[in-house]
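Comments concern the structure below.
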Amino acid sequence: MQMKQLLIVMRQTFLSRLKTAGYWLLVLTPVLIVAAIAGVVFLMQATQNNTPAQVGVVQSKTLSRDLDQDKALHVKAIYYLNATQAKKALDKDQLDAMLTEKQGNFVLTKRADGQTLNQATLKNVLAKYNTTRRAQQLHLKERDVDTLTQSPKIQTHVQSKKGVNQNGDNSTANYTFAVALGILIFMFLTSYVGMIAQEIANEKSSRIMEILLAATSPGVQFFGKIGGIGLLAALHGLIYVVLGLVVSVYLPKIPQLQQVNQVLQGIDWNFALMTLLIVFVSILLYMVLTAIVAAMVNDLSQVQQAVAPVTYLSMFGYVLTFLINGQPHNVFLNVVSYLPFFSQTLMPARLGLQYASMPEAWIALGLEVVALYLLAKYGLRVYKQNVLTYREGNITKIAWMSLKGLFKS
Amino acid sequence: MIELTNLTKQFGDKTAVQSLNMQVQPGEVMGLIGQNGAGKTTTFRMILDFIQPTEGTVRWNEEPIDSQKRQKLGFLPEERGLYQKETVENQVLYFAELHGMKRVDARIALQDWMKRLNVVGKMSDKVQSLSKGNAQKIQLIATVIFQPDFLILDEPFSGLDPVNTELMMEEILNLKAQGAMIIFSSHNMAGVEKLSDQITMLRHGETVLQGRPSEIRNQFGRTNIYLEAPVSDEALLAIPGVEKLEQQGAGRHLQLRDEQAGRQVFEVATADGYIPVFAQEPPTLDAIFREEVAAGERQ
C-alpha cells in the first residue's frame, strides 16, 4: 500500500516539475552556454581573413625573399628600392607594413588598420637573417650555422595516477575544467535544493500537506518528494550522458573546435560516470537536508531564509574548488574532498586534475551513501515533527536547532 | 464505528482536549462545536494521527486507524489548499489515487461530480483560474471523490455563500445516506442542527454537552416563547416567571425562568380569543452555545 502511494507521490512530483520551463532551463543552460561559445569560436575562425599581410621591404632583396618564404610568418613581401616608394605604397593602403634596415637594426612601420603581423615570428626571422648575414661575413657554412643556432626540444610528459599522459602539460585547461565543473555542480545542487524546498513549503503553507498526510504518511511524502526530484536529477544526468556521447563522436571531427577538444582531453568515461554518481548522491543528500528544514516554514516567503544554512554548506565545497589547482598534496583539501556535503565539487575536480585516483573517488562516494542513509533515517523523524507544526520566530535559528537535534534519541 | 475513548492532549501544562469520549456509527453525523481554541482541530489532528494523544485511543471498528483504513478516510481542512498551478483534473486524480482509486474511475467520477455541483470550468482549467466558490467545490470533490467511509470536515461551511453552503449540506447528507461516518466542526449552528445526529460541545477542551440536538435543547426546557398577540408588554412582563421580553420581527420573544410560566402567558395572550402565533420552544442551539460560552467566561 505504502509502496504504491510512494510511487504515486514520486510520479506526481516528477511530472509536475518536468512540465516547468524552469527545469528545462536548468538542463539546457550549460548546453546552450557551451553551444554559444563553440558557435562564436566557429564563427570567428570561419570568417577570419586569411589574406597574408603585404610587407614592403626596403633595399634588401634577400630579406624580402626570406620573409616571403617563411611559412610561419605568412606574409607577402614586396621589395622596394627606397623608403620613399615604400612609404607611398603604405599611404595608398597598398601595404600593411614597411620594413627598413640600418646596420642590423630594423624599423617596422605598420598601418593602423592593416592585416595583423605576428611580431614574435617576425623577430625570429629577422634574427635568423642577421645571423646568416654575419655567418657569411665570417665565412661559416650554412650547416654549421644551423647546428649552432638550433634550440633544444623539450617534450613534456605528465606522470599522474592514471599513468603517463603523452599529450603534455595541460594544467591551464585542467584548471578551467575544474572551475567550470565546480560552478556547474554548485548550480545544479542549489537548483535542486530550491526545487525540493519550494515543493514542500508550498504544500505546507497552502495546507495541502494536511490533505496528503490524511491519506498517506510523512514517510511516503518525504521519500516520495525526494524520489520525484531525484528522478528529475537522474534524467538530467542521462541527458548529459547522451549529449556527451554525441559530442565525443563529432567533436574531434570539427577542426575549428580543437581548443575545446584539448580542454576535454583528460576526461574519460570512467571519470564522467563517477562524477555523475558523486553529484547525483550529493543532490539526494542535500535534498534530504533541505526537506528537513523546508518542513519548518510557515509560508513561502520563509523558504530562502530556512534553506540558507544548506546553501552556506554547499558554498563551502564550491569555494574550495577554486583553490584546488596546484595543491595536489594539501592535507586540508584532500581530507575535505572525501567528506559528504563537500566531496561533490572537490573530488570530481581532484579526479579531473588527476590529483586523485578512481579508488579514492569510490571511497568518497561510499561515504556519501552512508551519510545519505543515516540522514534519511534520522531526518524523517525531524521532518515528521516539523511538517505539521507552525512555529513563530527566527526561522534560521529554528532550522539550526532542528538540525542540531537530528541525531538525538 | 469510530470510537474516541478518554482522548486527552496536553501541550506543556495546557490541556487542549480533556477526556473526550465519542462514538459515531455508520450513517451518522457528529457535529463538534465550540469556540475557537476549544480543542476541535486538536481532536481532528489526533484522529488523523498528526499528533499523538497524551492519553486515550482512537478506534475504527475496534482497531487503530492504519494505512489501509486511511485510504477510506476523507479530510477537509479548515484552511483549504489546492495546487494553484495544477489543472483540476491532475490534482483531483492525484488525491483520488492516493486514496486507492484507479485513475480512469476517478476521471469518470470527477466529470460526474463537476456536473452535480455545477462547477463552472473544465477539468483542464488551472485552479488559479477558477472563482473562489468553484475552487471550494473542487476541494470538496477532492475530499469525497473516492467515497470515504469516514469523513472529517473542519469548518466545511467557512467562506461559502448561502447557495454553496446549501450544496455542501446536501452532499454531506448524501454521504451520510450512503453510510459514511462523518465528524464535522462548525460555527454555523443552523447547519449543525440540520445535519447532526449527535453534537459534542467543547469548552476549553472539556466536553460540556453531548447528545442528540433535540435532547440537548430539551434539557434546557421550553423556556422560549414566540408570540404574535394583541397584548401589552406590561401585561406580559407582569406574569411571574417571565424574565425578559424583546421585539422579534412581527412579534415578541419572551424568555422564561420556568417553562411552567408558559401556560399563564398563553392564557393572558388568548384572553380575547384567537391569536395568530404562540410557540413555546426550548432554546436554539445557538442560544445554548452562547450561554455555555458565557458560563465558561464567568468561571
Side-chain angles (χ1 to χ4, degrees), chain A residues 1-23 195 198-225 227-228 295 297-300 381 383-392, chain B residues 11 41-42 44-52 65-87 90-103 106 126-128 135 138-146 148 150-155:
Chain A
M1 186 62 67
Q2 294 224 328
M3 183 49 77
K4 196 179 167 192
Q5 287 183 328
L6 182 79
L7 293 174
I8 293 169
V9 175
M10 275 174 73
R11 190 196 61 199
Q12 176 73 11
T13 310
F14 175 75
L15 290 178
S16 64
R17 285 277 164 184
L18 192 70
K19 287 183 284 185
T20 61
Y23 174 71
M195 262 187 225
Q198 286 284 335
E199 194 75 29
I200 291 170
N202 177 35
E203 287 180 353
K204 190 185 172 189
S205 63
S206 65
R207 309 289 170 141
I208 297 171
M209 193 61 88
E210 293 185 10
I211 301 169
L212 297 172
L213 291 181
T216 62
S217 67
V220 165
Q221 289 301 318
F222 181 72
F223 292 115
K225 297 270 166 239
V297 305
N298 297 336
D299 60 71
L300 280 173
R381 204 177 49 195
Y383 173 85
K384 195 177 171 183
Q385 281 167 8
N386 288 337
V387 80
L388 288 169
T389 312
Y390 295 85
R391 276 181 281 207
E392 299 296 325
Chain B
F11 295 107
T41 301
T42 304
F44 290 153
R45 289 181 153 235
M46 284 190 283
I47 297 172
L48 290 162
D49 197 31
F50 290 174
I51 51 173
Q52 288 297 307
I65 300 178
D66 57 13
S67 60
Q68 194 82 34
K69 288 192 165 60
R70 277 173 176 275
Q71 297 270 293
K72 298 303 282 177
L73 190 161
F75 173 54
L76 183 74
E78 182 180 3
E79 288 181 53
R80 311 292 152 75
L82 289 169
Y83 299 101
Q84 293 298 314
K85 290 180 181 173
E86 275 288 356
T87 63
N90 270 350
Q91 63 188 300
V92 174
L93 265 51
Y94 174 48
F95 291 148
E97 275 189 291
L98 287 177
H99 283 281
M101 202 173 182
K102 282 184 182 166
R103 217 171 156 79
K126 287 189 175 174
V127 169
Q128 62 189 7
I138 296 299
Q139 183 93 54
L140 175 67
I141 294 171
T143 310
V144 299
I145 192 167
F146 56 94
F150 178 26
L151 194 57
I152 297 173
L153 308 168
D154 197 355
E155 303 287 350

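Keep in mind it's a predicted model, so treat the numbers as computed, not measured. Each chain gets a letter, A, B and so on, in the order the sequences are listed, and its residues count up from 1.
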Please classify the contact of B/Phe95 with chain A as side chain, backbone, both or neither, using a heavy-atom distance under 4.5 Å. side chain
Got a salt bridge between A/Glu210 and B/Arg45, using NZ or NE/NH1/NH2 to carboxylate O under 4.0 Å? yes
With only heavy atoms counted, which part of A/Val9 is less than 4.5 Å from chain B, the side chain, the backbone, both or neither? both
So, the part of A/Thr216 with a heavy atom under 4.5 Å from chain B: the answer is both
Measure distances from B/Tyr83 to the heavy atoms of chain A and classify the residue's part below 4.5 Å as side chain, backbone, both or neither. both
State, with a plain yes or no, whether a side-chain heavy atom of A/Ile211 is found less than 4.5 Å away from one of B/Gln139. yes
Is there a side-chain contact between B/Leu48 and A/Leu213 in this structure, where contact means two heavy atoms from C-beta onward sitting under 4.5 Å apart? no
How about NZ on B/Lys69, more than 12 heavy atoms from neighbouring residues, nucleotides or ligands closer than 6.0 Å, or not? yes
Scored by heavy-atom pairs under 4.5 Å with chain B, the best of A/Leu212, A/Ile8, A/Ile208, A/Val220 is A/Ile208
Check step by step if side-chain contact (heavy atoms from CB on, under 4.5 Å) holds for A/Gln5 and B/Gln71. CA-CA 10 Å; A/Gln5 287 183 328; B/Gln71 297 270 293; 2.6 Å; yes
With only heavy atoms counted, which part of B/Leu82 is less than 4.5 Å from chain A, the side chain, the backbone, both or neither? backbone
Intermediate values then yes/no, side-chain contact (heavy atoms from CB on, under 4.5 Å), B/Glu86 and A/Gln12: CA-CA 11 Å; B/Glu86 275 288 356; A/Gln12 176 73 11; 3.8 Å; yes
What's the spacing between A/Gln385 CD and B/Ile51 CD1 if we round to 0.5 Å? 13.0 Å
Using a cut-off of under 4.5 Å on heavy-atom pairs, state which of A/Ser206, A/Ser16, A/Ala214 scores highest against chain B. A/Ala214
Is it the case that atom NZ in A/Lys384 sees more than 12 heavy atoms from other parts of the structure closer than 6.0 Å? no
Side-chain heavy-atom pair B/Asn90, A/Lys19 within 4.5 angstrom cut-off: yes
